[in-house]
Protein chains: 2
Amino acid sequence: MTRARILESAFELFVDKGFAAVSVREIAERSEVTKSLIHHHFGGKEGLWEEVKQLAFAQYYQGQKEELDQAEQPGPELIMRAVINYFEFLRNNPGVVRLFAWTHLEGDTSCSEMDGELVRLGAERVRQAQQAGLLRDDVNPTHVVTIFVSLCTQWFEARDHHCNWPGMGSDQEFLDDFLKVFMEGLLPRP
Amino acid sequence: MTRARILESAFELFVDKGFAAVSVREIAERSEVTKSLIHHHFGGKEGLWEEVKQLAFAQYYQGQKEELDQAEQPGPELIMRAVINYFEFLRNNPGVVRLFAWTHLEGDTSCSEMDGELVRLGAERVRQAQQAGLLRDDVNPTHVVTIFVSLCTQWFEARDHHCNWPGMGSDQEFLDDFLKVFMEGLLPRP
DNA sequence: GCATTAACTGGCCGGCCGGTCAATTAGTTG
DNA sequence: CAACTAATTGACCGGCCGGCCAGTTAATGC
């Protein structure tokens, strides 16, 4: 469908250059339609941008919600699996990562509630594990989730940047080291 | 001086909206000069952008290098102080944080060597502490540095975004919790 | 098969974009 | 003061921007 082709081209370009640096003409050319048609379907550049974002957000939200909704006994293993899952999602969806980054810089907070809900779910799991004595309880559960989320996010956002740092390992090696430190730092203190 | 006033206005606008979304006219208006003068002094929009970035990078590099060059016995306390120092720098220079973020998204790697050098210095400190038996030695030192750099960076980059997450604490509270988990996770394993 | 709606086109608009240039003013040096 | 340089201006350029609209083609329903 034409609509989908436009959305795809727009996604690629927005991911690559950000909203301001992409022209409607460019999107039209890549999706092999006329500029007018984009206007017809999306109302304008802004409308298209919103729809692209919404699609990406929905994809993100759905994938993460699924994982978090699986009712299991909270504990270190569950937390770790959630982190790995999140890490994998970002690895497989670099476009979404960049779209989020552009969006944040532009001050768009439309995905705040969505993200807030996911964080709330994650923090609840951490809290349960704390109450069960499986994780140290002297740290804010929301902070724990934020640590995991921020680290995964930044790893992929700045990947091109720090992949050249001396001594840097692969995705997997970084994740392993990062989990080693945090999972053990989260264990109950004697 | 006029040149400095232009640079200041440009910095503010670029920080706020990114390179593509700022017009030379806008910068001229804010700094109360004519568009032509900007051309005269900086050669064009691109030239001004480069100079703004270079100034910010220099400021960043200088501040961090100073801290890292202080010859002290490496150990957990030194690492912790470096983290706190980095965190404070970002807190006090939100503009620089955003400029870095825009720059990364645009694929500019001009600050990669600079950052690489800082990371190398930090990793060296970690390695020394590992060899002295003060930190666990089964993690890549570069990864350790990357972990705390990424976390501090992301905290301030996405601050507006996650400050509304339920249960989120203040800058200080987050830093405290992060250090609690991170520093204990780095201790030598029995 | 005819009416209605949706998909799609090309051309045009006013406006802003970055950049250029000749001319003017201010500052400096001898 | 004169001569030269640097700072600064305003007017102007071609080009691209997003948006609009009248019109055409294609699909849909009765």
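Everything numeric here is computed off the predicted structure, so don't read it as measured data. Labels below follow one simple rule: chain letters A, B, ... track the order of the sequence lines, proteins then strands, and each chain is numbered from 1.
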Inset, instruction - Show your working on ring-ring contact (aromatic ring centres under 6.0 Å, His included) between F100(B) and F57(B) and close with a plain yes or no. - result: CA-CA 8 Å; F100(B) 271 54; F57(B) 290 172; 4.8 Å; yes

Inset, instruction - Starting at atom CZ of R5(B), determine the distance to atom P of dA7(D), rounded to an integer number of angstrom. - result: 14 Å

Legend entry - Pairing residues for E88(A) by the side chain to side chain donor-acceptor pair (under 3.5 Å) criterion, not counting sequence neighbours: R91(A)

Legend entry - Interatomic distance, F42(A) CZ vs dA7(C) P [rounded to whole Å]: 11 Å

Legend entry - Distance in angstrom units between I27(B) CD1 and dT8(D) P, rounded: 16 Å

Legend entry - Under-4.0 Å side-chain N/O to phosphate OP1/OP2 contact, H39(B) with dT20(C): yes

Legend entry - Distance, nearest 0.5 Å, that separates CZ of R127(A) from CG of L135(A): 12.5 Å

Legend entry - Strand contacts (DNA chain D) in residues 43-53 of chain A, 4.0 angstrom heavy-atom criterion: G44(A), K45(A)

Inset, instruction - Provide, to the nearest angstrom, the distance between the CG atom belonging to L13(B) and the P atom belonging to dC17(C). - result: 12 Å

Legend entry - Shortest side-chain distance from T2(A), nucleotide among dC8(C), dA7(D), dC17(C): dC8(C)

Inset, instruction - Scan residues 107-145 of chain B for pairs that pass ring pair (Phe, Tyr, Trp, His ring centres under 6.0 Å), counting only residues two or more places apart or in two chains. - result: F174(A)-H143(B)

Legend entry - Rounded distance (Å) that lies between atom P of dT9(C) and atom CD1 of I38(A): 11 Å

Inset, instruction - Verify the contact: side-chain N or O of H40(B) to OP1 or OP2 of dA7(D), cut-off strictly under 4.0 Å; return yes or no. - result: yes

Legend entry - Nearest-angstrom distance from the residue atom CG of L37(B) to P of dA11(D): 16 Å

Restricting to nitrogen or oxygen on both sides, can you table the protein-nucleotides 11-14 of chain C pairs closer than 3.5 Å?
none

Inset, instruction - Looking only at side-chain atoms of H41(A), point me to the closest of dA7(C), dT9(D), dA7(D). - result: dA7(C)

Inset, instruction - Under the side chain to side chain contact (heavy atoms under 4.5 Å, CB included) rule, collect the residues that match up with T2(B), sequence neighbours excluded. - result: R5(B), I6(B), V33(B), L37(B)

Legend entry - Pairing residues for K17(B) by the side chain to side chain donor-acceptor pair (under 3.5 Å) criterion, not counting sequence neighbours: E26(B)

Per-pair distances, 0.1 Å, donor-acceptor, side chain in residues 59-71 of chain B, under 3.5 Å, sequence neighbours excluded:
residue: Q59(B); atom: NE2; partner: N93(B); partner atom: OD1; Å: 2.9
residue: Y60(B); atom: OH; partner: D115(B); partner atom: OD1; Å: 3.0
residue: E67(B); atom: OE2; partner: R81(B); partner atom: NH2; Å: 3.1
residue: Q70(B); atom: OE1; partner: R81(B); partner atom: NH2; Å: 3.2

Inset, instruction - Would you kindly give the CZ-to-P distance between R3(A) and dA7(C), to the nearest whole Å? - result: 9 Å

Inset, instruction - Can you tell me the distance, in whole Å, between the CD1 atom of I6(B) and the P atom of dA7(D)? - result: 11 Å

Inset, instruction - Write out all pairs satisfying ring pair (Phe, Tyr, Trp, His ring centres under 6.0 Å) with one or both partners inside residues 27-47 of chain B, taking only residues at least two apart or from two chains. - result: none

Inset, instruction - Return the set of residues passing side chain to side chain donor-acceptor pair (under 3.5 Å) with E117(A) (not counting sequence neighbours), or none when no residue passes. - result: R120(A)

